[in-house]
Colleague: 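I have a structure here, written as structure tokens, and I will follow up with some questions on it.
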Amino acid sequence: MQIQVFDAEYKTGPLKLILYGKNREGVYKLVDTEFRPYFYAMPTDLESLKDDLEGANFESDKGKKLNITDTEIEEKKYGQETVKVLKIETDIPANVPKLKNELWDLESVRRCLEFDIPFYRRYLIDKGIRPGKWIEVEGKEQSSDSFESEIIVEEIRPSIEGKNDLDWNSMAFDLEVIDDRIVMASFRSEGFRRLLSVKDIDLDFVEVVEDERELLERFIEIVEGENVDILTGYNTDEYDFPELREAANRHNVELSLGRNGERMKFNRRGRFKGARIKARMHLDLYPFVTHILAPGIDSETLDLDSVAEEMLGLNKDDLSWSEMKEIWETEDDLEKFAKYAMKDADITFKLGNEITPQMLELSRITGLIPFDSSRLTYGQLTENYLIREAYNRGMLTRNRPSQQKRSKRDREQAYQGGFVYTPEEGLYEDVAVFDFRSLYPTVMVAHNISPDTLNVESCEDSFELDEFDYSFCQDEQGFFPELVEDLVSSRYELKKEMKELEQGSQKYKNIYNRQQAQKILANSFYGYLGYSGARWYSRESAEATTYLGREYIQDSIEIAEEMGYEMVYGDTDSVMLRKENLREDMDEFLDEVNSMLPEFMELEFEGFFKRGFFTSKESGEGAKKKYALIDEEGGLKITGFEQVRRDWSPIAKKTQEEVLRKVLEDNVDEAVEIVEDTIEALRTGEVDVEELKIYTTLTKPPEEYGNTAPHVEAAKKAKKRGDKIEPETTVDYVITRSGKSISGQAELTKYAENYDADYYIDNQVIPVAMRVLKVFGYTEDQLKGKGKQSGLGQF
DNA sequence: CTTGACCGGGG
DNA sequence: GTGTACGGTCAAG
């Protein structure tokens with residue numbers, strides 16, 4: 001039969017590897033009892049290693065027997081050499097690391113390798129199985145209660161046929177928790193929309209449940225009844241599932257959410273945990289947003305509303321935490337609460353429809369199950385891809401660096417990054433942006449930069465870098481350039497294919513996601529080479545890549561200047577230029593640059609902007625990475641104005657954005673008026689307290705903090721007044737007029753009777769406004785108007 | 001300038 | 001579970 005695998009695990013006693021897969025008939029369980037765990041021992045001397053293993057008995061620290069069930073000599077590539085290694089097979093996956101420790105102590109063993117690859121991943125790699133790709137299975141079919149059937153695998157291999165995509169049943173959910181009790185749960189899929197509530201609410205999508213216990217039971221029934229393949233949520237790993245588990249413990253309910261009836265379990269993943277539901281895909285959108293999508297998201301925060309607003313264009317419908325609590329307690333307008341809760345699942349579902357296909361595409365390329373591909377960081381994703389591709393090329397995977405090695409790598413002098421042009425502060429009209437198509441990946445391909453081409457001893461065609469005392473051999477294509485070239489070329493083909501398709505069609509979306517996943521991976525290689533935790537760490541490769549990137553962008557700038565362009569700004573892989581008749585002349589410029597570039601590299605036209613604004617540092621020198629652009633449709637692109645991102649009051653953030661917009665609309669006078677009006681409003685006490693609130697989350701009881709941050713001091717004072725301040729609460733505070741320091745003046749909003757207008761003027765509004773307006777010659781005093789005394793700012 | 005604490009998302 | 005993996009920002013030193 002043909003099937004697509006989407007989940008994998010193993011069980012011991014006796015050892016079986018279990019896959020869960022789906023085709024058009026349904027969901028199947030596949031069981032392979034033949035596959036055995038193994039690792040490699042690289043010998044100092046093969047014969048004496050064989051002697052050492054002959055009749056040897058290995059024991060774990062606890063005295064348990066560690067069996068070697070089989071050994072085999074294999075020839076593998078390790079770095080630039082070919083070596084003979086001994087494959088050591090054992091009976092239980094958990095014995096692999098233990099046995100590895102025993103063997104590594106032998107004098108006949110130089111090192112052990114590939115002892116830390118999780119067993120189910122090892123299986124998928126060795127069998128060539130990738131989720132999202134069809135595989136062929138032969139075996140004995142048995143009936144099963146939970147699945148279409150269960151198959152005892154005899155043969156399993158990648159399938160050449162089977163191009164059509166599968167549909168997955170996706171469902172999003174969200175919980176509402178008040179006073180540590182789950183009071184609502186909302187669900188949304190293509191054909192199902194429901195809110196469970198423990199309080200009576202008369203709305204068509206609401207199902208009223210008796211209590212929290214019944215809510216849990218219904219939760220499980222809904223997931224089962226709707227035959228969910230993909231369950232999504234936002235921060236469900238760290239919030240919703242921990243809440244669910246606690247509730248389940250309280251009521252002694254088994255959270256049997258797995259298709260096989262198995263309990264939800266948490267997987268430890270470093271500082272994170274992942275809620276794992278067997279034979280379904282629980283894909284938390286938040287880790288993927290932070291790990292993978294964040295660099296491409298402009299929003300200052302990565303909360304559900306902001307991310308959905310940016311990715312889907314949905315506007316938010318804010319209900320603050322205190323409002324929610326109040327509604328729940330007073331039972332006044334519970335409908336509003338219910339609609340809000342339902343909307344969260346709706347938004348998550350829509351966001352999931354955008355994001356889960358990207359996760360599945362990453363699984364298709366890397367071969368990781370979606371549970372993993374959705375939660376790993378860039379580096380880990382790249383590494384898992386490398387491990388698989390290395391295996392396919394008969395290469396041994398390098399070992400992970402020890403903690404000491406990592407910190408040694410971290411302590412090394414940082415190498416130089418991208419080239420950033422220092423702009424002249426001011427407002428520029430009609431700027432054009434050009435950028436290099438995948439600069440670092442293409443540099444790596446163009447110059448064959450790779451850990452395995454670095455300083456090859458007997459190399460005929462060696463590329464020497466004048467700046468550094470190392471070289472890259474050009475005789476054979478290296479591991480990294482080969483992978484990058486495959487990804488970049490394949491992506492290029494897909495992009496061509498995309499142009500032929502109707503935007504918004506399913507086919508278009510599929511291909512878009514595929515090329516997006518390839519882009520993500522191709523771009524991660526450079527960073528990976530310079531990441532201290534990388535198995536294939538190569539500082540030289542990373543350093544050479546940025547060095548060559550700088551050379552190419554500087555060459556392009558030189559060409560532009562020779563051709564009469566005015567250089568406005570440039571950062572790493574892009575340049576902003578100005579010139580009369582630019583639209584007519586730019587092809588000539590592009591041709592000139594592209595003929596200078598090696599094959600595979602390309603400078604492209606990115607777009608026009610009506611105006612660009614650049615500011616300067618304290619020293620008066622133009623500020624790098626801090627600018628704002630407005631396009632011809634009036635769209636703003638603000639970069640680097642850090643005030644927009646931090647814990648600043650809404651009034652400061654809003655003022656800055658309005659000022660930037662006015663400036664970009666070439667209306668500096670109105671920009672100044674905005675600041676003056678804001679200051680005036682602060683002075684006369686007209687400003688709404690909402691505009692002054694600063695939010696921060698307390699992660700522990702306030703008295704346990706060593707420092708005196710404003711939010712901590714405000715919380716301490718509130719506690720003295722008798723407030724219950726628990727860890728994990730977000731406090732909002734205002735800087736009032738009473739107190740000695742800023743921290744001393746901080747009060748929780750509800751206790752604030754007045755506000756310190758001077759603080760908000762001098763420390764919030766003026767600094768962010770001045771960042772922009774000083775460029776036009778304004779001083780702080782001018783913005784403040786002189787001599788006026790601040791009022792009391794009473795609420 | 002360096003070091004170490006803190007934070008993210010969720011309600 | 002072939003376990004124990006972040007990265008940016010800020011205040012204090």
Side-chain angles (χ1 to χ4, degrees), chain A residues 9-12 36-40 88-90 92-101 112-123 174-184 233-243 265-274 276 284-291 294-295 300-307 319-325 328 337 340-341 344 348 375-381 383 397 400-401 403 406 531-534 642 645-647 695-700 704-712 726 728-730 742-743:
Chain A
E9 61 165 333
Y10 77 87
K11 288 205 155 50
T12 52
R36 290 287 168 269
Y38 68 87
F39 65 101
Y40 294 107
I88 313 281
E89 199 186 276
T90 182
I92 304 168
N95 282 350
V96 167
K98 295 173 191 156
L99 205 47
K100 171 256 325 186
N101 288 336
C112 294
L113 291 150
E114 305 204 358
F115 45 78
D116 58 357
I117 299 168
F119 190 49
Y120 69 92
R121 288 191 204 163
R122 174 89 271 172
Y123 182 85
D174 181 45
L175 299 182
E176 307 301 325
V177 179
I178 304 257
D179 294 334
D180 292 327
R181 291 292 178 272
I182 303 172
V183 298
M184 285 183 187
Y234 206 79
N235 205 20
T236 37
D237 277 345
E238 301 287 336
Y239 186 74
D240 299 71
F241 273 112
E243 290 288 344
K265 278 186 193 144
F266 286 113
N267 273 23
R268 271 275 143 71
R269 315 176 72 80
R271 56 183 281 277
F272 302 109
K273 53 182 176 295
R276 185 135 188 207
D284 185 349
L285 305 181
Y286 175 65
F288 194 75
V289 167
T290 53
H291 292 151
E300 57 219 62
T301 56
L302 297 174
D303 55 286
L304 177 60
D305 278 335
S306 317
V307 173
L319 192 59
S320 76
W321 171 227
S322 48
E323 285 173 283
M324 264 163 65
K325 240 183 134 164
W328 190 256
F337 192 173
Y340 167 88
D344 259 6
T348 308
R375 288 173 174 81
L376 297 184
T377 61
Y378 253 98
Q380 293 161 335
L381 219 46
E383 190 149 275
T397 291
R400 296 173 66 170
Q403 201 49 250
R406 282 187 69 161
Y531 163 53
S532 62
E642 68 275 25
R645 305 172 34 190
R646 285 186 307 205
D647 293 342
Y695 290 90
T696 319
T697 305
L698 290 160
T699 52
K700 52 188 177 185
E704 283 179 26
Y705 280 83
N707 65 10
T708 53
H711 68 287
V712 176
E726 311 258 340
E728 315 303 328
T729 51
T730 299
I742 302 293
S743 288

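Computed from a prediction, not measured in an experiment: that's the story for all the values here. First the proteins, then the strands, lettered A, B, ... as listed; each starts at 1.
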Colleague: In whole angstrom, give the distance that lies between atom CG of A:D305 and atom P of B:dG8.
Modeller: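 Distance, rounded to whole Å: 16 Å.
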Colleague: Report the distance from atom CG of A:L285 to atom P of B:dG10, rounded to the nearest whole Å.
Modeller: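 Rounded to whole Å, this separation is 11 Å.
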Colleague: Between C1' on C:dT9 and CG on A:L302, what's the gap in Å once rounded to a whole number?
Modeller: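 So the CG-C1' distance, A:L302 to C:dT9, works out to 15 Å.
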Colleague: Among C:dG3, C:dG1, B:dG11, which nucleotide has an atom closest to any side-chain atom of A:D116?
Modeller: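 Given the options C:dG3, C:dG1, B:dG11, the side chain of A:D116 is closest to C:dG3.
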Colleague: Listing time: all N or O pairs from protein to nucleotides 5-7 of chain C that are below 3.5 Å?
Modeller:
from	atom 1	to	atom 2	distance (Å)
C:dA5	N7	A:G270	N	2.9
C:dA5	N3	A:Q380	NE2	2.3
C:dC6	N3	A:R271	NE	3.2
C:dC6	N3	A:R271	NH1	3.4
C:dC6	N3	A:R271	NH2	3.4
C:dC6	N4	A:R271	NE	2.7
C:dC6	N4	A:R271	NH2	3.4

Colleague: Would you say A:N267 places a side-chain N or O within less than 4.0 Å of OP1 or OP2 belonging to C:dG3?
Modeller: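 So the side-chain polar atoms of A:N267 never come under 4.0 Å of the phosphate oxygens OP1 or OP2 of C:dG3.
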Colleague: Tell me: CG of A:D303 to C1' of B:dG8, nearest whole Å?
Modeller: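 One finds 11 Å between C1' of B:dG8 and CG of A:D303, rounded.
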Colleague: Taking CD from A:E114 and P from C:dG3, how many angstroms apart are they, rounded to a whole number?
Modeller: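 Atom CD in A:E114 sits about 13 Å away from atom P in C:dG3.
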Colleague: Remember a base hit wins even if backbone is also touched, and classify A:F39 as base, sugar-phosphate or nothing at under 4.0 Å, heavy atoms.
Modeller: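 The answer is nothing, as A:F39 stays clear of every strand by at least 4.0 Å.
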Colleague: What is the distance, rounded to the nearest whole Å, between atom NZ of A:K273 and atom P of B:dG9?
Modeller: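 Computing the A:K273:NZ to B:dG9:P distance gives 16 Å.
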Colleague: Can you check the distance between B:dG10 and C:dA5, where both ends of the measurement are the C1' atom (answer in whole Å)?
Modeller: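 Between the two C1' atoms, the distance is 22 Å.
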Colleague: Indicate, with a heavy-atom threshold strictly under 4.0 Å, whether A:D240 touches base, sugar-phosphate, or nothing.
Modeller: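 The answer is nothing, as A:D240 stays clear of every strand by at least 4.0 Å.
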Colleague: Nearest to the side chain of A:Y286 - B:dG11, C:dG1, B:dG9?
Modeller: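 Closest nucleotide to the A:Y286 side chain: B:dG9.
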Colleague: Base, sugar-phosphate, or nothing: which does A:L99 touch, judged by heavy atoms less than 4.0 Å apart?
Modeller: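 The residue A:L99 makes no contact with any strand.
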Colleague: When rounded to the nearest Å, what value does the distance between C1' atoms of C:dG8 and B:dG9 take?
Modeller: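 Straight-line distance between the two C1' atoms is 16 Å.
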Colleague: Would you please name every residue forming a side-chain hydrogen bond (donor to acceptor under 3.5 Å, both in side chains) with A:T348, sequence neighbours left out?
Modeller: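 In terms of side-chain hydrogen bond (donor to acceptor under 3.5 Å, both in side chains), with neighbours along the sequence ignored, A:T348 is linked to no residue.
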Colleague: Identify whether any heavy atom of A:I92 sits under 4.0 Å from a base atom; if not, whether one sits that close to sugar-phosphate; answer base, sugar-phosphate or nothing.
Modeller: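 No contact.
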Colleague: Please identify each residue that fulfils side-chain hydrogen bond (donor to acceptor under 3.5 Å, both in side chains) with A:Y123, with sequence neighbours left out.
Modeller: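 A:D32.
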Colleague: Pick base, sugar-phosphate or nothing for A:D237, based on heavy-atom distances below 4.0 Å to the nucleic acid.
Modeller: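 Here A:D237 touches no strand at all.
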Colleague: Nearest to the side chain of A:D344, heavy atoms from C-beta on, is which of B:dG9, C:dG1, B:dG11?
Modeller: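 Of the candidates, B:dG11 comes closest.
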Colleague: Could you check whether A:N101 gets within reach of a base, just the sugar-phosphate, or nothing at all, counting any heavy atom under 4.0 Å?
Modeller: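 Here A:N101 touches no strand at all.
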Colleague: Among all residues two or more places apart in sequence or in another chain, which pass the side-chain hydrogen bond (donor to acceptor under 3.5 Å, both in side chains) test with A:Y40?
Modeller: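 A:Y40: side-chain hydrogen bond (donor to acceptor under 3.5 Å, both in side chains) contacts with A:E74.
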Colleague: Run through A:L99, A:N95, A:V96, A:I117 and flag the one making a side chain to side chain contact (heavy atoms under 4.5 Å, CB included) with A:P37.
Modeller: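 Result for side chain to side chain contact (heavy atoms under 4.5 Å, CB included) with A:P37: A:V96.
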Colleague: Under the 6.0 Å and 45° cation-pi test, does A:K100 pair with A:F39?
Modeller: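 Judged by the rule (NZ or CZ under 6.0 Å from the ring centre, within 45° of its axis), A:K100 is not positioned above A:F39.
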Colleague: For A:N235 and B:dG10, what is the distance between atoms CG and P respectively, to the nearest whole Å?
Modeller: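 Whole-Å distance recorded here is 7 Å.
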Colleague: Going by side-chain hydrogen bond (donor to acceptor under 3.5 Å, both in side chains), name the residues that satisfy it together with A:S532, two or more places apart in sequence or in a different chain.
Modeller: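 Here the qualifying residues are A:D410.
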Colleague: Answer yes or no: is there a side-chain heavy-atom contact under 4.5 Å between A:F272 and A:H291?
Modeller: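 Heavy-atom side-chain distance check passes, below 4.5 Å.
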Colleague: B:dG11, B:dG10, C:dG1: which one has an atom nearest the side-chain heavy atoms of A:A94?
Modeller: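 Among the listed nucleotides, the one closest to the side chain of A:A94 is C:dG1.
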Colleague: Can you list the residues that meet the side chain to side chain contact (heavy atoms under 4.5 Å, CB included) rule with A:P401, with sequence neighbours excluded?
Modeller: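 Here the qualifying residues are A:K405, A:R406, A:R409.
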Colleague: Round to a whole Å and report the spacing from CD of A:E243 to P of B:dG11.
Modeller: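 Spelled out: CD on A:E243 to P on B:dG11 is 10 Å.
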